[in-house]
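For reference, the structure discussed in these notes is given below.
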2 protein chains.
Amino acid sequence: MTTLEKLIKSFSRLPGIGKKSAGRIAYFLLKSDPALCRQLADQLTNLHRLIIKCSVCGNFTEQDPCQICSNPSRDPSSICVVEEAQDIQTIEETREFNGLYHVLGGSISPMDGVGADDLSVAQLMRRVTENPVREVILATNPTVEGDTTALYLQRMLKERGIAVSRLASGLPVGGDLEYADRMTLARSFKGRTVM
Amino acid sequence: MTTLEKLIKSFSRLPGIGKKSAGRIAYFLLKSDPALCRQLADQLTNLHRLIIKCSVCGNFTEQDPCQICSNPSRDPSSICVVEEAQDIQTIEETREFNGLYHVLGGSISPMDGVGADDLSVAQLMRRVTENPVREVILATNPTVEGDTTALYLQRMLKERGIAVSRLASGLPVGGDLEYADRMTLARSFKGRTVM
């Protein structure tokens, strides 16, 4: 296999990149300034060397605790539980939440052999016991696995007397009733709000 | 900017990768084995170091002349002219052509200030003069620029008494008349073949 073929193969292993896109990227890099390749190579080399997991919330960070956990202006009594670290970035962009996060590292999925022990559930329980946490917002995905995980956590947290809420599920903003699937529409009825 | 943000920015500069996809790739790499990152970094470092342009046809290669130009079983009397080196790969996959290639490095486009002097036209003329070339197949893209380039080359090659042909343009195989655009349909009429 040639150097070019090897690079195309590596790129096509990345999510969302097929063989055609990988080829396009490889030829693009070949025709670009070698500095672009060098920069990308350096950044890839640094990735695992510089980025660690926050020992408090599990977010990816270059300092421990992470910038969110160590920010004194954030409310430590409110914790938002997410499945993956990248969900933090997505939620941060909405600027709706000023508390701290907790990354589970996935969702409970018996089909895939993932149980609560494989997720950072024990760490979450320790966090809410050792710190004055008032509210936990469950922001797992609105999927079967995400819902199962939310239900499981809700029971454990309620026992500890903590207010638990779940992100609203319903019609996406700018969407069209006509194109909404049955499940989403049913949820938006159940979760309808008083005007 | 953090290491992660820098990597996401670099990825989003690649063709076909937006900010969202770049983020997905970066997090995928973070969660994957560091070996994958190292491998990709090495391949990127090697890319410009190991790959050169074939001095005969302009194809990207690790040996000069390239594997196609130096293959004795290929027919040197037939040259297929393409705009970009990646077009060679695409044509090779069809296994329809057993001659040699010539990479122009683009197409004539007065709008972008690209003239014949910016392409390897002179090299092509030298090739057909110095070698016993019988036929030249113009495989530039079926666009205004590709057609202009083909017309320009056709005139120059005809003067030298070389048979010139152009790839057929028309309905894509498996396509539907209903969805064909007007220009493509018009071309498929002009280029209709006797049954």
Side-chain angles (χ1 to χ4, degrees), chain A residues 1-11 13-53 59-63 66-67 84-90 93 103 105-106, chain B residues 1-11 13-53 59-63 66-67 84-90 93 103 105-106:
Chain A
M1 214 188 269
T2 65
T3 307
L4 195 59
E5 284 166 349
K6 279 185 207 155
L7 182 67
I8 292 174
K9 202 181 163 197
S10 292
F11 268 123
R13 287 172 65 185
L14 301 179
I17 300 187
K19 201 170 157 270
K20 279 246 170 182
S21 315
R24 229 174 115 209
I25 292 168
Y27 279 106
F28 169 83
L29 287 171
L30 257 179
K31 285 190 283 182
S32 306
D33 188 345
L36 183 60
C37 270
R38 268 201 305 276
Q39 190 189 45
L40 199 53
D42 288 346
Q43 287 167 349
L44 285 166
T45 309
N46 284 337
L47 195 66
H48 284 272
R49 201 169 56 79
L50 296 182
I51 299 180
I52 50 171
K53 276 195 182 180
N59 189 10
F60 288 120
T61 176
E62 287 178 64
Q63 57 178 67
C66 73
Q67 282 190 315
E84 304 290 348
Q86 58 261 50
D87 298 331
I88 295 181
Q89 194 51 47
T90 313
E93 280 165 14
V103 179
Chain B
M1 214 188 271
T2 66
T3 307
L4 195 59
E5 284 167 348
K6 279 184 207 155
L7 182 68
I8 291 174
K9 202 182 163 195
S10 293
F11 268 123
R13 287 171 65 186
L14 301 179
I17 301 186
K19 202 169 157 270
K20 280 245 170 180
S21 315
R24 230 175 114 209
I25 293 169
Y27 280 106
F28 168 84
L29 287 171
L30 257 180
K31 285 191 284 181
S32 306
D33 188 344
L36 182 61
C37 270
R38 269 201 305 275
Q39 191 189 45
L40 199 53
D42 288 346
Q43 288 167 350
L44 285 166
T45 310
N46 283 336
L47 196 66
H48 284 273
R49 200 171 55 79
L50 296 182
I51 299 180
I52 49 171
K53 276 195 182 179
N59 189 11
F60 288 119
T61 177
E62 289 178 61
Q63 57 178 68
C66 74
Q67 282 189 315
E84 303 290 349
Q86 58 260 52
D87 298 332
I88 295 181
Q89 194 52 47
T90 313
E93 280 165 13
V103 179

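By convention in this document, chain letters (A, B, ...) are assigned in the order of the sequence lines, proteins followed by strands, and residues within each chain are numbered from 1.
- The salt bridge (charged side-chain N to carboxylate O under 4.0 Å, His left out) search around A:Lys9 returns none, not counting sequence neighbours.
- Taking B:His48, B:Lys53, B:Arg49, B:Gln67 one by one and counting their heavy-atom pairs under 4.5 Å with chain A, the maximum is reached by B:His48.
- Shown here is A:Glu5, whose CD atom has more than 12 heavy atoms of other residues, nucleotides or ligands within 6.0 Å.
- Between A:Arg24 and B:Pro15, the closest heavy-atom pair is NH2-CB, 3.8 Å.
- In this structure the side chain of B:Thr61 never reaches within 4.5 angstrom of the side chain of A:Leu4, judged on heavy atoms.
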Quick one: side chains of residues 29-44 of chain B, donor-acceptor pairs under 3.5 Å with protein atoms, not counting sequence neighbours, listed by atom name and distance.
| residue | atom | partner | partner atom | Å |
| --- | --- | --- | --- | --- |
| B:Lys31 | NZ | A:Glu84 | OE1 | 3.2 |
| B:Ser32 | OG | B:Phe28 | O | 2.5 |
| B:Asp33 | OD1 | B:Ala35 | N | 3.0 |
| B:Gln43 | OE1 | A:Ser10 | OG | 2.6 |
| B:Gln43 | NE2 | A:Ser10 | OG | 3.3 |

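- You'll find the side chain of A:Ile17 reaches within 4.5 Å of the side chain of B:Ile17, heavy atoms only.
- B:Glu62 places a side-chain N or O within 3.5 Å of a backbone atom of A:Thr3 that can act as its donor or acceptor partner.
- Contact count against chain B (heavy-atom pairs under 4.5 Å) is highest for A:Arg13 among A:Arg13, A:Lys20, A:Gln89.
- The shortest distance between side-chain heavy atoms of A:Thr2 and B:Phe60 does not fall below 4.5 Å.
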